[in-house]
Amino acid sequence: MKNLYTFLCFVILIPSCFSQSKEKESAILESGVSEQLAQFRKKQISDVQYNLSFEIPNQKEENINAHLIVNLNLTDLSQPLLLDFKEKTLNIKSVAVNGKSVAIVHEKGHIVISPLALIMGKNTILISFIAGNLSLNRNDDFLYTLLVPDRASTLFPCFDQPDIKATYKLSLTVPKDWSVLAGADVKEKLEKGDFTLYTFGESDKMSTYLFSFVAGKFKSTTQKPGLEMTMLYRENSQEKFRVSADTIFNLHQQSLNFLEKYTNYKFPFQKLDFASIPVFQYGGMEHVGAIQYRESTLFLDNSATDSEKLNRAKLIAHETSHMWFGDLVTMKWFDDVWMKEVFANFMADKIMNPIFPKVNHNLQFFTAHYTTAYAEDRSLGTHPIKQHLANLKNAGSLYGAIIYNKAPIMMRQLEASMGKEAFQKGIQKYILKYANDNADWNNLVEILDAETPLDMKKWSEVWVNKSGRAIFTDKIEYDSKNRIKKFEIQQQAEDKTDNVWPQIFQIGFVYADNVKVLTANIKEQNLVLKEAVGLEKPLAVVYNYNGFGYGVFPLDENNLKYIATLKDEVARASSYSNLYENTLIGNISPEKAYDCFLKGVQTEENELVLRIASNNLNTIYWRLFTEKQQNKVQKQLETVLNERLQANLSANIKKTLFGLFSSIAYSDSAKAKLYQIWNKEIVIPGLKLNEDDFTNMAMNLAIFKHEKADEILEKTRTTITNPDKKKRFEFLLPSLSKEESVRNAFMESLKEDSNREKESWVSVGLSNIHHPLRQESAQKYIRFSLDLVDEIQRTGDIFFPKDWLDNTVGRYSSKYAYDEVQRFLKENPNFSPILKRKLFMATDLLYKAQNIKKETE
């Protein structure tokens, strides 16, 4: 009777406690975590500790039973306590507060606890529930959690906002042949028949999105390159393990050593373990004590190029940097998620210097960031680095090249403007002040402002709070002796606003026997470069010579013949990039740009620079050329690549050239050559190929309609030795089929969420379906793909909506595709603004191609 009385009181009284402030209620109780709810809970709640247990069955279809005990302090009982749990109400079995059962009230993704059941000070809440599956990433014999940015509440009830940090005590019951990894060490292991119960110690304090665990059939290895670390992995190639394992551990330790010294703050957590996962959605994720990586990025073999090795090192440095930038000091709200990413990328670039002393790190920085930053920033979907976020449920939309790539460019400009020592001093003060706490951009600006005469607020207003980039033009006047009389640079925002980006970059004046380099420090819309006055008329003027500047720089056709001859690697890379951007805005024709890139492909011997020239040539060929133009140059390109592949060049250069050859080898002669290489009938001297390369060749041969395509695919399937990679290939087979009906069935299957779980696999499958050579049969799925985007956003991880668009409508250049996008937007006037931005980013080349092809016609 007592329980019934309590229940009736609870049910009767809860409306009255809601009616205390209708205005407050409507602001707080809504789907997701609103800013208002987050701000209220930050004041209401402190000292949170989660005790979690999960019982993981053998079969992935079975429910995972779970229990939660939350201990916390409360200082405000004017509103109900809301725990976020974005799952079915049926998944909640029972709720008890301070030792007493209460009714289950679950509204708009929140478990509502009445103030009547709570007390000021310490409270304990017990919840039995079925764990949500959305973010558990369950496979037949392993699973892993991925809870960024707001997915913790899809797994267990919690306060899912970054500024309520907590400690965790976790226990996992798993099949007995499984291994486990989490944010603290295992304290107890207990056999229970066919299962094992693992009990972990108390974790360090962390935000909910950083909590994680991995469980499954993994192998384990431990090393002590300084700090003792353990890695779980599934890679079964002995060669890849032998070649990679020591390097993987050492890279973590080298990154850790650098960061401790740079920040003047010791490694802040109990451990630095990591798991290598075959189907992982991202390159990596910085979970405290248990980083997760995509396995293919970590494990390389002797065929790996320097770029692939550098990318692996950068990824490890990036995730290790997050231990300080993101995990130790965390943003207050996800509108500043870019802060953790900019520092992780910025520090990773610094860490590479001592690890790869022979690499040109200025060049590496340029090639890593500029292309991808421009790709989004020049589109109609561009946005500022810092974006307003009204509700955490939309936080996934903030991720992209603007925060990962433009933000490091901004930070490098800031460091150059402040000076390296002043910048580092400011960062050390920031880490020390906000360790184990939360900070926003304004907190950092305040600290940096004290270290520099630069007006930080004014500087960051345009770089951080405004979108877009500068288009630079110049006015050069010469006197009667052909010497420079006046040299003036102007910048105009691409979006025609009055934004001005203060920045520093170099300008190279090219002469027959030397290059005169001057520094431009542009603070306003115009800059008169007085140092140029009196110089002889150069053969060419190369803007952004050192790759520091951000924007589109002046370029005339006279300059094109000098790009490949520039001795400075960064100047060549920057010039090739600037040529591509000038092509897209209509200043240079695709034909002239193609010819210049082809010369680069013929002569370039730096892998990073060649990659830029090669990728840009590839894009112009497939996206900006008409079929007639492609037919005109295809044979020449094929011949050039074949000749270079026979030359005495480094393995890195050959691998890059072969990648380009494979992508255009659809003529009868090229297809025959590619087949012979795949079938190991011929070997190109100095070209190192691994199993993945042969798999990719097989996929290309199928798309190119080789007469033995079925035989090629089946032989490839049976020779893949890694079981995880074999599953991936079998998933992709329908997308490679020569039968249109089979490919159609693959597309139709993606309506089902369960068929989209392996997102990286789906992206490759979509790319196969929508390859330029197949678009006539695939274009009917453009509208299908657009109509699904809302659901993709709801069910997918943070990068998947953009990946989905990139690999469907984003692969097209045709008028048909353009019209389909316009029709979709017209018929969906309430289409999510967030997704519209992603769509505009993905279709930037589609939009640009319409203008370019009109001019060509």
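Fair warning: this is a prediction, and the values are worked out from it, not measured in the lab.
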Chemist: Is the distance from the ring center of Y233 to that of F241 below 6.0 Å?
Modeler: yes

Chemist: Would you say the side-chain atoms of S171 pair up with the backbone N or O of T199, donor to acceptor, closer than 3.5 Å?
Modeler: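 No; zero donor-acceptor contacts below 3.5 Å.
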
Chemist: Do you see a donor-acceptor pair shorter than 3.5 Å between the side chains of Q281 and N137?
Modeler: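 Yes, because at least one side-chain N or O of Q281 sits under 3.5 Å from a partner of the opposite role on N137.
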
Chemist: Aromatic ring centroids of F200 and F213 under 6.0 Å?
Modeler: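 No.
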
Chemist: Give a yes or no on whether the backbone of T795 and the side-chain of D753 come within a donor-acceptor separation of less than 3.5 Å.
Modeler: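 Pair absent, no side-chain N/O of D753 close to backbone of T795.
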
Chemist: Return yes if some donor-acceptor pair links the side-chain N/O of S767 with the main-chain N/O of N807 below 3.5 Å, else return no.
Modeler: no

Chemist: Are D140 and K60 packed together at the side-chain level, in the sense that at least one heavy-atom pair is separated by less than 4.5 angstrom?
Modeler: yes

Chemist: Out of curiosity, I684 CD1 to I677 CD1, how far, rounded to the nearest 0.5 Å?
Modeler: 3.5 Å

Chemist: Is there a side chain to side chain contact (heavy atoms under 4.5 Å, CB included) between V762 and F731? Walk through the geometry before answering.
Modeler: CA-CA 9 Å; V762 172; F731 175 87; 3.8 Å; yes

Chemist: Do K86 and L134 have side-chain heavy atoms sitting under 4.5 Å apart?
Modeler: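 The answer is no, as the side chains (C-beta and beyond) never meet within the 4.5 Å cut-off.
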
Chemist: Got a sec: does the CD of E681 have more than 12 other heavy atoms crowding it under 6.0 Å?
Modeler: yes

Chemist: Please give me the minimum heavy-atom distance between F784 and M747, naming the atom from each residue.
Modeler: CZ-O, 3.2 Å

Chemist: Is there side-chain contact between K271 and L181, with heavy atoms separated by less than 4.5 Å?
Modeler: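 K271 vs L181: side chains touch.
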
Chemist: Do we see a donor-acceptor contact under 3.5 Å between the side chains of S135 and T145?
Modeler: no

Chemist: Provide the closest heavy-atom pair for N618 versus S663 in the form atom of the first, atom of the second, distance.
Modeler: ND2-OG, 3.0 Å

Chemist: If you apply the rule salt bridge (Lys or Arg N to Asp or Glu O under 4.0 Å), what do you find for K192 with E55, and how did you get there?
Modeler: CA-CA 12 Å; K192 299 172 71 176; E55 298 169 15; over 6 Å; no

Chemist: Counting only N and O atoms by type, is there a donor-acceptor contact under 3.5 Å from the side chain of R138 to the main-chain atoms of L143?
Modeler: no

Chemist: For F85 together with F156, are the ring centres under 6.0 Å from each other?
Modeler: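 No - the distance between ring centres of F156 and F85 does not fall below the 6.0 Å cut-off.
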
Chemist: Are side-chain heavy atoms of W678 and K715 found at a separation under 4.5 Å?
Modeler: yes

Chemist: Are the side chain of T656 and the backbone N or O of N652 linked by a donor-acceptor pair below 3.5 Å?
Modeler: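 Side chain of T656 to backbone of N652, a donor-acceptor pair under 3.5 Å: yes, one is there.
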
Chemist: Just checking, any donor-acceptor pair under 3.5 angstrom between side chains of R743 and S735?
Modeler: no

Chemist: Work out which heavy atom in P149 is nearest to a heavy atom in F334; give both atom names and the distance.
Modeler: CB-CE2, 3.5 Å

Chemist: Any carboxylate oxygen within less than 4.0 angstrom of a Lys/Arg side-chain nitrogen, looking at E748 and K751?
Modeler: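 Yes, E748 and K751 are salt-bridged.
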
Chemist: So, for I316 and I248, which heavy atoms are closest and what is the spacing to 0.1 Å?
Modeler: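 The pair with the smallest heavy-atom distance is CD1-O, 4.1 Å.
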
Chemist: Could you go through the side chain to side chain contact (heavy atoms under 4.5 Å, CB included) check for Y209 and D150 one step at a time?
Modeler: CA-CA 7 Å; Y209 78 90; D150 66 332; over 6 Å; no

Chemist: Okay, side chain of R774, backbone of N768: is any donor-acceptor separation there less than 3.5 Å?
Modeler: yes

Chemist: On a heavy-atom basis, which atom in N700 and which in S662 lie closest, and how many Å separate them?
Modeler: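 What the structure gives for the nearest pair is ND2-O, 3.4 Å.
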
Chemist: Is S207 reaching over with its side chain to a backbone N or O of L210, donor-acceptor style, under 3.5 angstrom?
Modeler: no

Chemist: Does a side-chain N-to-carboxylate-O contact under 4.0 Å join R794 and D790?
Modeler: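 A salt bridge is absent here (no side-chain N lies under 4.0 Å from a carboxylate O).
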
Chemist: Under the side-chain hydrogen bond (donor to acceptor under 3.5 Å, both in side chains) test against E607, which residue among S650, S614, S307 passes?
Modeler: S307

Chemist: Side-chain contact, heavy-atom cut-off 4.5 Å: L155 with R151?
Modeler: no

Chemist: Examine F800 together with Y399 and report whether their ring centres are nearer than 6.0 Å.
Modeler: no

Chemist: Might you point out which heavy atoms bring A698 and L713 nearest each other, and give the distance in Å?
Modeler: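 Looks like O-CD2, 3.9 Å.
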
Chemist: For the atom pair CG (L298) and CE (M231), what is the distance rounded to the nearest 0.5 Å?
Modeler: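 Reported to 0.5 Å precision, the distance equals 7.0 Å.
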
Chemist: Is any side-chain heavy atom of I291 closer than 4.5 Å to a side-chain heavy atom of H287?
Modeler: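 They are not in side-chain contact.
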
Chemist: Are R756 and E791 close enough for a salt bridge, meaning some N to O gap below 4.0 Å?
Modeler: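 Yes, charged N to carboxylate O under 4.0 Å.
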
Chemist: Between F129 and F54, how do the two ring planes meet: parallel, tilted or perpendicular, split at 30° and 60°?
Modeler: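 Ring orientation of F129 relative to F54: perpendicular.
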
Chemist: Measuring only between side-chain heavy atoms, which start at C-beta, is Y293 closer than 4.5 Å to M285?
Modeler: no

Chemist: Determine, step by step, whether S53 and L172 satisfy the side chain to side chain contact (heavy atoms under 4.5 Å, CB included) criterion, reporting the C-alpha distance in whole Å, the side-chain angles of both residues, the deciding distance to 0.1 Å, and the verdict.
Modeler: CA-CA 6 Å; S53 64; L172 294 174; over 6 Å; no

Chemist: Could you walk me through whether H771 and W622 pass ring pair (Phe, Tyr, Trp, His ring centres under 6.0 Å), step by step?
Modeler: CA-CA 10 Å; H771 188 281; W622 285 115; 5.3 Å; yes

Chemist: Within 45° of the axis and under 6.0 Å from the centre of the six-membered ring of W761, does NZ or CZ of K727 qualify?
Modeler: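 No, cation not above the ring by the 6.0 Å, 45° rule.
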
Chemist: Identify each donor-acceptor pair in which a side-chain atom of residues 182-191 lies under 3.5 Å from a protein atom, sequence neighbours left out, and give them as a table.
Modeler:
from	atom 1	to	atom 2	distance (Å)
E191	OE1	T196	OG1	3.2

Chemist: Can any side-chain N or O of W804 pair as donor or acceptor with the backbone N or O of S785 at less than 3.5 Å?
Modeler: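 Looks like yes, one N/O pair under 3.5 Å.
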
Chemist: Restricting to pairs with a member in residues 219-236, which pass salt bridge (charged side-chain N to carboxylate O under 4.0 Å, His left out), not counting sequence neighbours?
Modeler: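 Listed once each, the pairs are D141-R234, R234-D724.
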
Chemist: With under 30° as parallel and over 60° as perpendicular, where do the rings of F274 and H252 fit, or are they tilted in between?
Modeler: parallel

Chemist: Measure the spacing between CG of L701 and CG of N679 and express it to the nearest 0.5 Å.
Modeler: 10.0 Å

Chemist: Run the side chain to side chain contact (heavy atoms under 4.5 Å, CB included) check on S212 and Y144 step by step: do they pass?
Modeler: CA-CA 8 Å; S212 77; Y144 60 95; over 6 Å; no

Chemist: Check the pair T222, T230 against side-chain hydrogen bond (donor to acceptor under 3.5 Å, both in side chains), reporting the backbone distance first and the verdict last.
Modeler: CA-CA 4 Å; T222 299; T230 295; 2.8 Å; yes

Chemist: For the side chain of R312 and the backbone of F299, is there at least one donor-acceptor N/O pair under 3.5 Å apart?
Modeler: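 Flag not set: sc R312 to bb F299 has no pair under 3.5 Å.
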
Chemist: Can you check whether S303's main-chain N or O pairs, donor with acceptor, with N690's side chain at less than 3.5 Å?
Modeler: no

Chemist: Counting C-beta onward and ignoring hydrogens, is there a side-chain heavy-atom pair between F661 and L674 closer than 4.5 Å?
Modeler: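 The answer is yes, as the side chains (C-beta and beyond) meet within the 4.5 Å cut-off.
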
Chemist: Which pairs, with at least one residue in residues 275-303 and sequence neighbours excluded, count as a salt bridge (charged side-chain N to carboxylate O under 4.0 Å, His left out)?
Modeler: E286-K340

